[in-house]
Amino acid sequence: MAKKAISQKRTDREKQENQALHRVFNVFLLGLAAECYLFIVYRGYGVGAIDSVLIWDKILTWGMYLGLVMLIGAAIAGYVKRADSRLRTAMTWVGGLGLFLAASGWIITTFFDNHQGVTAMCIMVPILTVLGLVFLLYQHECFLSTLALVCAMFTVWARGATAAGAWKVPVIVGAVLGIVLLGLAAFLAGKAQKSEGKLWNIRVLSLECDYRILYVVLGAGAVAVLAAVVFPAIAVYLMWALGILLFAELVYYTTKLM
């Protein structure tokens with residue numbers, strides 16, 4: 001009986017590992033497909049001829065509306081049929097595709113000058129893909145730390161890039177909101193620490209979570225964003241500091257997995 005139990009545990013563990021690898025592979029393929037799509041859009045809409053630009057403008061606009069319909073429909077169907085795990089999973093993929101079409105269509109058509117929209121999407125997709133891989137492969141606290149640092153780096157970059165532009169005020173407002181969200185994340189992490197990594201009886205952080213690392217990362221992200229708001233000229237140096245911290249954080253959590 002003991003050997004059978006051990007064998008069953010090993011089988012279950014291998015099944016879970018295979019499922020995790022399957023999800024990782026799917027996320028990678030989706031990110032690759034999205035990036036290929038954006039490169040095609042860039043060739044046709046960003047640097048294409050006038051006729052090509054007009055055609056792609058219609059495609060992106062209708063794609064945006066279609067994406068909104070897919071997102072709303074998937075959310076409703078997933079909620080109504082939430083007891084059906086297969087349908088819920090399918091609606092998650094449909095909703096994700098709809099969100100991508102809606103967001104990419106709006107960003108690319110809204111920020112058309114100098115190809116800013118399509119360039120931003122070409123950068124965002126690999127970043128989001130890597131974040132998805134981190135979420136699937138690493139501990140939840142690693143994903144939270146990585147997400148916080150990536151968002152802080154983006155905010156610092158946006159503040160430096162719009163220091164004297166028309167988007168100055170919206171970026172400052174977004175930066176202040178980001179600082180508030182980082183503070184909220186630190187508050188919730190402290191609440192989870194008192195409950196052994198759980199919030200409202202849901203495990204969000206591992207039992208082995210080193211909360212000191214998490215607090216340092218969240219605090220550093222908030223300080224960097226605040227410094228960029230006050231002194232936008234040092235945004236480049238702040239990005240380097242956050243990048244080094246991001247690398248060190250990923251190395252730390254990678255060693256914990258070994």
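Residues take their numbers from the sequence shown, with the count starting at 1. Quick caveat: nothing in here was measured; it's all calculated off a predicted structure.
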Exercise: identify the closest heavy-atom pair between [X] and [Y]:
X	Y	value
Met239	Met153	O-CE, 3.9 Å
Ala224	Leu238	O-CD1, 3.4 Å
Leu214	Ser145	CD1-OG, 3.3 Å
Met91	Ala77	SD-CB, 3.7 Å
Val229	Arg159	O-NH2, 3.2 Å
Leu218	Ala148	CD2-CB, 3.7 Å

With a 4.5 Å cut-off on side-chain heavy atoms, are Thr129 and Leu32 touching?
no
Using the test side chain to side chain contact (heavy atoms under 4.5 Å, CB included), find all partners of [X] that sit at least two apart in sequence or belong to another chain.
X	value
Ala158	Val171
Ala235	Val156
Ala220	Leu245
Ala34	Phe100, Val125

Check the pair Ile108 / Leu38 against side-chain contact (heavy atoms from CB on, under 4.5 Å), numbers first and verdict last.
CA-CA 10 Å; Ile108 294 172; Leu38 291 172; 4.0 Å; yes
To the nearest 0.5 Å, what is the distance between [atom1] on [X] and [atom2] on [Y]?
X	Y	atom1	atom2	answer
Cys122	Ile127	SG	CD1	11.5 Å
Arg43	Ile40	CZ	CD1	11.0 Å
Leu97	Leu66	CG	CG	8.0 Å
Ser104	Leu99	OG	CG	9.0 Å
Leu136	Leu131	CG	CG	11.0 Å
Leu133	Leu128	CG	CG	11.0 Å

Going by ring-ring contact (aromatic ring centres under 6.0 Å, His included), name the residues that satisfy it together with Phe154, two or more places apart in sequence or in a different chain.
Trp157
Are [X] and [Y] in one and the same hydrophobic cluster, where Ile, Leu, Val, Met, Phe, Trp and Tyr link if side-chain heavy atoms are under 4.5 Å apart?
X	Y	answer
Leu29	Met121	no
Leu147	Leu177	no
Leu242	Val230	yes
Val223	Val150	no
Leu144	Trp200	yes

Check the pair Asn26, Trp93 against side-chain contact (heavy atoms from CB on, under 4.5 Å), reporting the backbone distance first and the verdict last.
CA-CA 11 Å; Asn26 286 340; Trp93 289 108; 4.2 Å; yes
Tell me which pairs pass side-chain hydrogen bond (donor to acceptor under 3.5 Å, both in side chains) where either residue lies in [range], with sequence neighbours left out.
range	answer
residues 27-36	none
residues 237-253	Thr146-Glu249, Asp210-Tyr252
residues 215-233	Gln193-Tyr215

Would you be so kind as to tabulate the donor-acceptor pairs closer than 3.5 Å made by side chains of residues 56-64, with sequence neighbours excluded?
from, atom 1, to, atom 2, distance (Å)
Asp57, OD1, Tyr45, OH, 3.2
Thr61, OG1, Asp57, O, 2.7

Apart from Leu54 itself, what residues make up its hydrophobic cluster when side-chain heavy atoms of I, L, V, M, F, W and Y under 4.5 Å apart count as a link, directly or indirectly?
Ile50
Can you list the other members of the hydrophobic cluster that holds Ile244, where links are side-chain heavy atoms under 4.5 angstrom apart?
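Other cluster members: none.
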Please check this pair: side chain of Thr155 against backbone of Ala175, looking for a donor-acceptor N/O pair closer than 3.5 Å.
no
Can you confirm whether Phe135 is buried at CZ, in the sense that more than 12 heavy atoms of other residues, nucleotides or ligands lie under 6.0 Å from that atom?
no
For the OH atom on Tyr211, are there more than 12 heavy atoms of other groups (residues, nucleotides or ligands in this structure) within a distance under 6.0 Å?
yes
Return the set of residues passing side-chain hydrogen bond (donor to acceptor under 3.5 Å, both in side chains) with Thr254 (not counting sequence neighbours), or none when no residue passes.
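Per chain and number, Thr254 pairs via side-chain hydrogen bond (donor to acceptor under 3.5 Å, both in side chains) with Tyr138.
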